[in-house]
Protein chains: 2
Amino acid sequence: MTALNERKQKILRAVVTDYIQTAEPVGSRTLSRHYQLALSAATIRNEMADLEELGFLKQPHTSAGRIPSQQGYRFYVDSLMDQVELTPQEKLYLEKFFTQLQKIREIDQIVQQVAKALSVLTRYTSLVLAPQLKHCAFAQMRLIPIDEKQALVVLFTDTGYIRNKVIEMPRALSADELDRVVAYLNEELAGQTIAGLTAARLRKLRPDLYSRVDILHSLLAMLEECSSDGETRIFLGGTSNILDQPEFKDMEKVKHLLTLFEEGERLTFILETAPEGITIRIGTENLLAEMHDCSLVTASYHLHGRPLGTIGVLGPTRMEYARVTTIIKEMTERLNMLISML
Amino acid sequence: MTALNERKQKILRAVVTDYIQTAEPVGSRTLSRHYQLALSAATIRNEMADLEELGFLKQPHTSAGRIPSQQGYRFYVDSLMDQVELTPQEKLYLEKFFTQLQKIREIDQIVQQVAKALSVLTRYTSLVLAPQLKHCAFAQMRLIPIDEKQALVVLFTDTGYIRNKVIEMPRALSADELDRVVAYLNEELAGQTIAGLTAARLRKLRPDLYSRVDILHSLLAMLEECSSDGETRIFLGGTSNILDQPEFKDMEKVKHLLTLFEEGERLTFILETAPEGITIRIGTENLLAEMHDCSLVTASYHLHGRPLGTIGVLGPTRMEYARVTTIIKEMTERLNMLISML
DNA sequence: TTTAGCACTCTCGGAAGGCGAGTGCTAAAG
DNA sequence: CTTTAGCACTCGCCTTCCGAGAGTGCTAAA
């Protein structure tokens, strides 16, 4: 595409950097003074006019400074952004945080804490998708009779998730019978992903277990329920942080975002559709209209090389991309480590 | 205390009613026109001056209309407020809502849905405290060995709560031994509230179970952990609704509230300390400074006559108390019913 | 005791005008 | 040909300044 000569790139980088810090349109004067460009304001003005024509910058109104356009941010993120290091304070915070976290065994709680830490560190809003049951693989189930009519099914996944449901038992069954049914299912289903546990199962299982088909039905229904579980598996942190951003002094925008924050499914969708690894979505690159002047940085976390979920940071398009990226990278790395230790 | 004559009461009621609707200071003119007081503006003016002196009304500034003071709201709520009925739409909504809800078995999910419905109906923010483990009574526990070193403990409460935790087993124990320990604990602890399961236990149990004291330790530690479980057992609904209130056009206030909303423990505290039955806390009657210009209407919901948790609605002091109270009453009633059917 | 009339107060909204930051253009310098 | 200095111009923002409108308190009459 359009190749920017080195000088234009330097100027663009300076504009983006400055605007990210100040949130104010940046003028040629400011650039020539505060950045080592060795150019006069006039020259910079000309270059900026070019950059605007090329679509990397824009003016809020005539005779104001320039601010980066979406395309400008994109170029910055792709080509101009330097890597930053964690500050000593951030390192310290992370260190302490993960030390604390080791005590917690439940993945959902861990992930919730991660959301919080992420928002504290970045000072933006964080979104964290907990591991989804349906993407995990079936490991085994156990059945605990409660009384004549009900039993508790405990489901274990390969990722260490444990989930229980009460099911109704259509009729009293002996412990032996139950054990056999469960053992059979455990054998048949081991390794299958939860999402795959649907109608396809029924066909296979009927033939040789006719007498127990009713209890099987209950169990399969329960599994299917798990596979389509609409539970909110998303955690937010620092939602109030968006109010610190000058771009959200407009109540309407805030309202739209806050409303979005209450819609678990749509948020989940956003994080689910993020590809593996680190992704940065800027402005209208986000699918949801409410996020059209936001940017979202996401990364997936893994167990045994398989993606479990996603963590993300949401801020204005004028986001400190470099800093956020570094923090997210570090966070996923440590989270992966933590999870792999069970 | 100060007895208000009937006329003053009528006027106060009119002021509160009008201000609740319009959010604008109400003047003598408006009152004489829109309310059947059969009094001239001048007379009303005099009475309003009295009411102000008595502390029930206040003026935002000289020569503006009057608005209710906190004391004014308090008097209104205690003595002046008429009962309102649910609108047909509200009834319909509730009907549908609870029909849907019957399908859900897990109390936490139910309660989360209630929070949502409550915010939709009231158009304020809702807070709902889920049943707290520690207030429930121990019913029984089951232990499922996972491998040599770990076992899953499943805890049942009398309220139908089911909670599981993985514990480390200090050494391999035979199934028989485990069964006996668990059976023993089940007998000893049945009916005790989870909150009571602390150090007091240890004394009783040591003597006759010396050989298994290590596994006992693990189990007791696990129970104790449950009793002090800091998990977020609170659900919010309609947080973005506060932005619709003109009193929250000030970003600072909103920010304080949103930040508070992220602090589960403090919110939990607020709801925990609410007495049984319906309570209305106005302005500074709320313990948290962030809520000093909010009002909170709460009610507790029950199972078998025992309070399980609390539901609440948070809005500006200029809240539609009558409407909210009716909705909350109806909601708790139906929720009680739903829960009692398991 | 109630009411009409009146002068007074205070907020809010819009208009006017000055300030400052920044631009684009032109012409000179390198 | 590129860079730079100078300059006129534009435009948003802030302050100030009314005028309108709503509402009050007081006084005097019904």
Side-chain angles (χ1 to χ4, degrees), chain A residues 4-12 14-19 21-69 72 246-247 249-251, chain B residues 4-12 14-19 21-69 72 246-247 249-251:
Chain A
L4 295 183
N5 65 39
E6 200 178 332
R7 198 168 73 181
K8 282 201 173 55
Q9 294 196 14
K10 268 188 184 157
I11 290 176
L12 180 54
V15 172
V16 174
T17 309
D18 199 78
Y19 183 63
Q21 279 179 6
T22 64
E24 309 248 302
V26 9
S28 52
R29 190 79 167 249
T30 318
L31 289 186
S32 82
R33 258 216 272 280
H34 299 320
Y35 295 83
Q36 285 80 23
L37 297 169
L39 293 172
S40 76
T43 312
I44 294 176
R45 268 204 289 284
N46 289 328
E47 293 288 40
M48 295 215 304
D50 288 358
L51 281 168
E52 179 167 3
E53 197 157 4
L54 291 168
F56 293 96
L57 295 181
K58 58 184 178 184
Q59 276 181 302
H61 43 261
T62 341
S63 90
R66 303 300 209 295
I67 66 178
S69 67
E247 26 271 282
K249 66 180 191 308
D250 174 21
M251 275 288 170
Chain B
L4 294 183
N5 63 37
E6 200 177 331
R7 198 167 74 179
K8 282 200 173 58
Q9 293 196 14
K10 268 188 184 160
I11 291 176
L12 179 54
V15 173
V16 174
T17 309
D18 198 79
Y19 184 63
Q21 277 178 8
T22 63
E24 309 249 300
V26 8
S28 53
R29 189 77 167 252
T30 318
L31 288 186
S32 84
R33 257 216 272 280
H34 299 321
Y35 295 82
Q36 285 80 23
L37 298 170
L39 293 172
S40 76
T43 312
I44 295 176
R45 267 205 290 283
N46 288 328
E47 293 288 41
M48 295 213 306
D50 288 358
L51 282 167
E52 178 166 4
E53 198 157 2
L54 291 168
F56 293 96
L57 296 181
K58 59 185 180 183
Q59 276 181 301
H61 44 261
T62 340
S63 91
R66 303 301 208 296
I67 65 177
S69 68
E247 26 272 281
K249 65 182 193 309
D250 174 21
M251 274 290 170

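To find a chain, count down the sequence lines: A is the first, B the second, and so on, and within it residues start at 1. Values below: all heavy atoms of this structure, side chains included; hydrogens, waters and symmetry mates excluded.
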Pairwise distance CE(B:Met48) to CD(B:Glu53) - rounded to 0.5 angstrom: 14.0 Å

Test applied, side chain to side chain contact (heavy atoms under 4.5 Å, CB included); reference residue, A:Val15; option that passes from A:Leu31, A:Ile67, A:Thr30, A:Ile44: A:Leu31

Nearest-Å distance for atom pair OH/P, residues B:Tyr19 and D:dG23: 14 Å

Separation of atom CD in A:Glu53 from atom C1' in C:dT23, rounded to whole Å: 15 Å

Sugar-phosphate only, base, or nothing, as touched by A:Ala64 at under 4.0 Å among non-hydrogen atoms: sugar-phosphate

Rounded distance in Å - NZ (B:Lys58) to C1' (C:dC10): 18 Å

Euclidean distance, atom NE2 of residue A:His61 to atom C1' of D:dG12 [Å, nearest integer]: 5 Å

Atom-pair distance (CD on A:Glu24; P on D:dG12), nearest Å: 15 Å

Residue mapping more 5' on DNA chain C - nearest nucleotide basis, A:Thr30 or A:Asn46: A:Thr30

Counterpart base for C:dA21, defined by Watson-Crick or G-U wobble contacts under 3.5 Å: D:dT10

Options C:dG24, D:dT24, D:dG25, nucleotide nearest the side-chain atoms of A:Gln59: C:dG24

Residue-phosphate contact under 4.0 Å: A:Ser63 side-chain N/O, D:dC11 OP1/OP2: no

N or O in side chain of B:Thr43 less than 4.0 angstrom from C:dT3 OP1/OP2: yes

Minimum-distance nucleotide to A:Arg45 side chain [options: D:dT24, D:dG6, C:dT3]: D:dG6

Touch class at under 4.0 angstrom, heavy-atom based, for A:Thr62 against every strand present: sugar-phosphate

Any-strand Watson-Crick or G-U partner of D:dC17, both distances under 3.5 Å: C:dG14

Donor-acceptor pair, side chain of B:Glu47 and main chain of B:Lys8, under 3.5 angstrom: no

Paired nucleotide for D:dA28 [Watson-Crick or G-U wobble; both distances under 3.5 Å]: C:dT3

Gap between atoms CD1 and P, on A:Ile44 and D:dT4 respectively (whole Å): 9 Å

side-chain N/O A:Arg66 vs C:dT23 OP1/OP2, d < 4.0 Å: yes

Heavy-atom donor-acceptor pair, B:Ser69 side chain to B:Lys58 backbone, under 3.5 Å: no

Min side-chain heavy-atom separation A:Pro25-A:Arg66 under 4.5 Å: no

Closest to the B:Arg7 side chain, choosing from C:dT2, D:dG25, C:dT3: C:dT2

Gap between atoms CZ and C1', on A:Arg33 and C:dG22 respectively (whole Å): 12 Å

Any-strand Watson-Crick or G-U partner of C:dA29, both distances under 3.5 Å: D:dT2

Whole-Å gap separating C1' (D:dG23) and CD1 (B:Ile67): 15 Å

Short side-chain to backbone donor-acceptor contact, A:Gln59 and A:Ala64, under 3.5 Å: yes

